[in-house]
Amino acid sequence: MYTRTTHTGSTGTLYPDNITEYIISSGDDGVVSDTAGQLSAIIKSKDYSDEEDVTGLVFSFVGSIPYETDYESGHSSEYPRTPAVILSDGAGDSGDHSILAAALLRELGYGVALVYYPPESFDEQTVIPEAVALNLISNDSRQRPVYPVSNEDGTEIITVSPFWTVDTTEKGYPSSAFYSISPEIYPDDSLWCGIPYNPGGKFRADFGKDLDYQSELLSSDIIRSHPLTYPDWLEQTYDYYQTVWYPS
């Protein structure tokens, strides 16, 4: 299992030894389970059987929540938001969004983990800030990198891939900028027994069209659609590091 010491990154968030401790779906008055239940009802009513539709519906729902750094939102830098907190606050950074997506997908039976990309510095100046993405079980490296994760006693290895629940380009750094950075993987207990990600047909699901979500936790003005795109990550990573200007 990948572990690390407590770290404060460039965005100010103080991450714990295991960020999966914040994937909390109990003791929240049923917020996560109720939200996952509504998403599950849509999946059934629309007859969504393809993994890309099921996960895509979750991603578009989570993506409807504004993406803000702790500095921008004024959130305390001492800890990430739990799923109920980001739903209540109506904003969060990449770690908060990934935690929420992990909680919802775990409720839907998926094996989840979180991947942390530490800040990358050049010439004593941070060029690439830290970021967090969701990990799902996958060995398909065509659209994104894959990372091996072993269980605590090293008897089983599972490959996972990062799935972005925010558009990091909004903050000036495309997801491809992070793929040359050695990440740290935080597996949830569900990773060893959950459903893997196996996409098939064309993506159809769209939260903005499929879900009429009325709740005190989310207001309708922050609900918007975020269609998924899958870049050629190897080529885009190469292009990014060939063209980006580094301060001297």
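Below, each value reflects all heavy atoms present in this structure, side chains not excepted, and no hydrogens, waters or symmetry copies. Since the model is a prediction, treat every value here as computed from it, not as a measurement. If you read the sequence from its start, that first residue is 1, and numbering goes on from there.
A distance-only check finds a donor-acceptor pair linking the side chain of Thr69 to the backbone of Glu72 [under 3.5 Å]. A donor-acceptor contact shorter than 3.5 Å links the side chain of His97 to the backbone of Gly92. Side-chain N or O atoms of Asp93 include one that pairs as donor or acceptor with a backbone N or O of Gly95 at under 3.5 Å.
Residues Phe178 and Leu234 are members of one and the same hydrophobic cluster, defined by side-chain heavy-atom contacts under 4.5 angstrom among Ile, Leu, Val, Met, Phe, Trp and Tyr. Cluster membership check: Tyr67 does not share its hydrophobic cluster with Val85, using side-chain heavy-atom separations under 4.5 Å among Ile, Leu, Val, Met, Phe, Trp and Tyr. Residues Ile24 and Ile86 do not share a hydrophobic cluster, defined by chaining ILVMFWY side chains whose heavy atoms lie under 4.5 Å apart. Linking ILVMFWY side-chain heavy atoms closer than 4.5 Å, directly or via other members, places Trp192 and Ile185 in a single hydrophobic cluster.
For the pair Ser138 and Val146, the tightest heavy-atom approach, listed with the atom from each and the gap, is O-CG1, 3.8 Å. Across all their heavy atoms, Leu136 and Gly111 have their closest contact at CD2-O, 3.8 Å. Heavy-atom minimum distance, Trp233 versus Gln143: CD1-C, 3.0 Å. Minimum interatomic distance between Thr168 and Pro174 (heavy atoms only, all atoms of both residues): OG1-C, 3.3 Å. Between Asp34 and Asp29 the shortest heavy-atom distance is OD2-O, 4.4 Å. The shortest heavy-atom contact between Val115 and Pro162 is CG1-CB, 4.0 Å.
Residues Tyr110 and Val54 are in side-chain contact: their nearest non-hydrogen atoms beyond the backbone lie under 4.5 Å apart. Looking at heavy atoms from C-beta onward, Tyr173 lies in side-chain contact with Ile128 at the 4.5 angstrom threshold. At a threshold of 4.5 Å between non-hydrogen side-chain atoms, the residues Phe61 and Leu104 count as touching. Contact check for Ser60 versus Val58: no side-chain heavy atoms found under the 4.5 Å cut-off. Between Val160 and Ile158, the closest side-chain pair of non-hydrogen atoms falls below 4.5 Å. Side-chain contact between Ile99 and Val132 is absent, with no heavy atoms from C-beta onward closer than 4.5 Å. With a 4.5 Å cut-off on side-chain heavy atoms, Thr20 and Pro187 do not count as touching.
Atom CG in Asn139 sits 8.0 Å away from atom CG in Asn198 (nearest 0.5 Å). Here CG of Asp53 is found 8.0 Å from OG1 of Thr55. Values are rounded to the nearest 0.5 Å. Between the OG atom in Ser94 and the CG atom in Asp167 there is a gap of 12.0 Å [rounded to 0.5 Å]. With values rounded to the nearest 0.5 angstrom, Thr159 atom OG1 is found 12.5 Å from Tyr147 atom OH. Distance check, rounded to the nearest 0.5 Å: CD1 of Ile19 to OG of Ser98 gives 7.5 Å. From Asn135, atom CG reaches atom CZ of Phe163 across 8.5 Å, with rounding to the nearest 0.5 Å.
Considering Leu134, Leu87, Leu100 in turn, Leu100 is the only one that fulfils the side-chain contact (heavy atoms from CB on, under 4.5 Å) rule with Val62.
Ion pairing of Lys171 with Glu68 is absent here, as no side-chain N (NZ or NE/NH1/NH2) approaches a carboxylate O to less than 4.0 Å.
Aromatic ring centroids of Tyr240 and Tyr179 lie 6.0 Å or more apart.
The cationic atom of Arg81 (NZ for Lys, CZ for Arg) does not lie both less than 6.0 Å from the six-membered ring centre of Tyr22 and within 45° of the ring axis.
Considering only residues two or more places apart in sequence or on other chains, Asp140 meets the salt bridge (charged side-chain N to carboxylate O under 4.0 Å, His left out) condition with Arg142. The salt bridge (charged side-chain N to carboxylate O under 4.0 Å, His left out) search around Glu156 returns none, not counting sequence neighbours. Taking the salt bridge (charged side-chain N to carboxylate O under 4.0 Å, His left out) definition, one finds that Asp188 meets it with Arg106, sequence neighbours left out.
Between Trp164 and Tyr117, the angle of the ring planes stays under 30°, which puts this pair in the parallel group of the 30/60° scheme.
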Are Tyr116 and Glu130 close enough, and set up right, to give a side-chain hydrogen bond (donor to acceptor under 3.5 Å, both in side chains), and what steps lead you there?
CA-CA 7 Å; Tyr116 171 79; Glu130 68 181 358; 2.6 Å; yes
Go through it in stages, so that I can follow the logic: the residues are Leu191 and Ile137, the test is side-chain contact (heavy atoms from CB on, under 4.5 Å), and I'd like the CA-CA distance, side-chain angles, deciding distance and then a yes or no.
CA-CA 7 Å; Leu191 191 65; Ile137 302 171; 3.5 Å; yes
